[in-house]
2 protein chains.
Amino acid sequence: MKKQGSSGKRSAGLTRSKPEPGYHHGELQEALIAASEAILAEQGAEGFTLREAARRAGVSPAAPSHHFGNAQGLLTEVAIRGYDALAEALRAAASGKQGAREKLRAQGLAYVDFALRHPGRFQMMFANKRLVADDARLKQASRAAGHAFETVVAELVGGTAKEAKTAAAAAWSTVHGFAKLALEEKFGSVRNEGGRREIMMTLDQVLNYLWPASGARR
Amino acid sequence: MKKQGSSGKRSAGLTRSKPEPGYHHGELQEALIAASEAILAEQGAEGFTLREAARRAGVSPAAPSHHFGNAQGLLTEVAIRGYDALAEALRAAASGKQGAREKLRAQGLAYVDFALRHPGRFQMMFANKRLVADDARLKQASRAAGHAFETVVAELVGGTAKEAKTAAAAAWSTVHGFAKLALEEKFGSVRNEGGRREIMMTLDQVLNYLWPASGARR
DNA sequence: CGCTCAATCTGAACAGTGTTAAGATTGGTA
DNA sequence: TACCAATCTTAACACTGTTCAGATTGAGCG
């Protein structure tokens, strides 16, 4: 079959900023990850297809297999970056406050904020069956994100390690469940900015209820 | 095109206990719902396909459309029954105990127990994009399940309606998040009975931490 | 500089999916 | 009994992920 000189499908500027080689892409891994994240952002987790990611990267449907094996491999890489971003957001939220309770509150808000701002990515991060669930780097990234919680919770509880683990599981469960239910529209619409702000206020009340300010007991 | 007498594909006894008519199934709706629930139980939410459900019911891939429109329609019906079962489980759990706190604890355990025993069904119930999310009966069933929580929570909190709503959101978020995280293996393996029992014990501690017995404060 | 070779990517195919349209079959009812 | 609306099938379409043989290429080595 004929060659296409230099351009062709790979020309929309969505895939590369650098010149543009022909047959060999050069940065296909990154291009595929970026394309996947774009799809997740636009269409959500259910909208992702491997072929569409390849299309956006300007390569054939078979190209991704050489870099990621299969769709799960690509999505695993996307999930890892998602966990990294989440962990960073949690650390940033805690570092801005002082006092364990304030840090935990800030982290809870940051967790749900992350989920509402990146629904597709968030859902994919927790869609084990679409990932290589036993991938070492994925498990590490997931644990690192969870660890950002535990450090703050340990500071708050100050009891035994077991108590800290229980409290961390409680905190994680609450914000994770709230985020999931919110994304499934159980707390009202989440597609407009106003609805999201209202949901964040509800979350604030929930956190205040479960972790009341010292002095205010129920 | 020839006919097949009376039997053929529809002969494994999986679809009907009654005689067995030929062209017309007779109870196709129920057969398709039962087949779908079986698939969800065996393969999880990701394993469901409309064609496989039709196959198990002994009909062609196009047959379901006449009863449910499309796959979302069928899954919506499955989800409705799931919510009904969940609501019933929550009511039963509460009715066995006395004292609002004990009722809430029992409901929380029942909620996660339901999720762990029927993972596929549970995941599908909350997979909005695979359902007809604005179906009136679905929303009603979902609300009814949530209501089973709210009544008990209201009894426990005893404050204003707004406070009760906040507390209900907190309780639902916690158990839902715990169930979701458990199903994604974040609290250890969930595929064997032993792992599940350990997870339920962790949940018990979490609930005790967030809703301590009156007298034991933190 | 010229060659080779491993990495990269394509093309074509396969089995599977959900959905639709047109036609066959049938049970209830007028 | 004859019809008709409900029910189901067949066939097709546009997708999907994955595989495999082969084309293309850049980088390193002689």
Side-chain angles (χ1 to χ4, degrees), chain A residues 1-10 15-16 18-32 35-36 39 43 45-76 78 124 127 129-132, chain B residues 1-11 15-16 18-32 35-36 39 43 45-76 78 127 129-132:
Chain A
M1 86 263 74
K2 309 225 199 77
K3 260 327 297 312
Q4 57 201 17
S6 72
S7 74
K9 296 174 287 180
R10 189 150 57 261
T15 77
R16 296 219 39 194
K18 298 300 175 58
E20 217 182 272
Y23 207 97
H24 286 198
H25 187 288
E27 299 174 353
L28 186 49
Q29 290 96 331
E30 288 307 315
L32 284 170
S36 301
I39 296 172
Q43 325 230 32
E46 316 282 329
F48 171 87
T49 68
L50 183 59
R51 285 179 112 103
E52 172 66 13
R55 230 171 272 137
R56 293 194 185 207
V59 294
S60 82
S65 76
H66 299 281
H67 295 276
F68 299 100
N70 53 22
Q72 291 189 356
L74 171 53
L75 289 174
T76 298
V78 171
M124 194 60 86
K129 297 229 174 113
R130 305 194 65 176
L131 311 176
V132 182
Chain B
M1 161 93 245
K2 310 219 202 81
K3 256 330 295 308
Q4 58 201 18
S6 73
S7 75
K9 295 174 287 179
R10 188 152 56 261
S11 59
T15 76
R16 298 220 38 193
K18 300 298 175 60
E20 216 181 274
Y23 205 99
H24 285 198
H25 187 290
E27 299 174 355
L28 187 50
Q29 291 97 329
E30 287 307 316
L32 284 170
S36 302
I39 295 172
Q43 325 230 34
E46 317 281 331
F48 171 87
T49 68
L50 183 59
R51 286 179 110 102
E52 173 65 14
R55 229 171 275 138
R56 294 193 184 209
V59 295
S60 82
S65 77
H66 298 280
H67 295 277
F68 300 101
N70 54 21
Q72 291 190 354
L74 171 53
L75 288 174
T76 298
V78 172
K129 297 231 175 110
R130 305 195 64 177
L131 311 176
V132 183

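Below, read A as the first sequence line, B as the second, and so on, with proteins coming before strands; counting in each chain starts at 1.
Taking atom CG of Leu74(A) as the reference point, atom P of dG17(D) lies 10 Å away to the nearest angstrom. The CZ atom of Arg130(A) sits 11 Å away from the P atom of dT18(D) (whole-angstrom rounding). What separates CZ of Arg55(A) from P of dT16(D) is a distance of 5 Å, to the nearest Å. In this structure, the CG atom of Leu50(B) is 6 Å from the P atom of dT19(C), given to the nearest Å. Look at CG on Leu28(B): it is 19 Å from P on dT25(C), rounded to the nearest Å. Rounded to whole Å, atom P of dT19(C) lies 13 Å from atom CZ of Phe68(B). Look at NE2 on His66(A): it is 14 Å from C1' on dT25(D), rounded to the nearest Å. Atoms CD (Glu46(B)) and C1' (dG16(C)) sit 16 Å apart, rounded to a whole Å.
When each of Asn70(A) and Ala63(B) is assigned the nucleotide of DNA chain D with its nearest heavy atom, Ala63(B) is the one assigned upstream, toward the 5' end. If you find the closest nucleotide of DNA chain C to Ala62(A) and to Phe48(B), the one lying nearer the 5' end belongs to Ala62(A). Each of Gly69(B) and Glu52(B) was assigned the nucleotide of DNA chain C with the nearest heavy atom; the assignment lying further toward the 5' end belongs to Glu52(B).
Of all the heavy atoms in Ala35(A) and Arg56(A), the pair that sits closest is CB-CB, 3.8 Å. Here the closest heavy-atom approach between residue Leu74(A) and residue Leu50(A) is recorded as CD2-CD1, 3.9 Å. Across all their heavy atoms, Pro64(B) and Pro61(B) have their closest contact at CD-O, 3.4 Å. Of all non-hydrogen atoms in Leu28(A) and Val59(A), the two that sit nearest each other are CD1-CG1, 3.8 Å.
Expressed to the nearest 0.5 Å, how far CD of Glu46(B) lies from CD1 of Ile39(B) amounts to 13.5 Å.
Applying the 4.0 Å criterion to OP1 and OP2 of dA14(D), one finds that Arg51(A) has every side-chain N and O outside that range. For dT17(C), the OP1/OP2 oxygens have a side-chain nitrogen or oxygen of Thr49(B) closer than 4.0 Å. Applying the 4.0 Å criterion to OP1 and OP2 of dC8(D), one finds that His67(B) has a side-chain N or O inside that range.
Comparing dT17(C), dT19(D), dC8(D) against the side chain of Ser65(A) picks out dT19(D) as the nearest.
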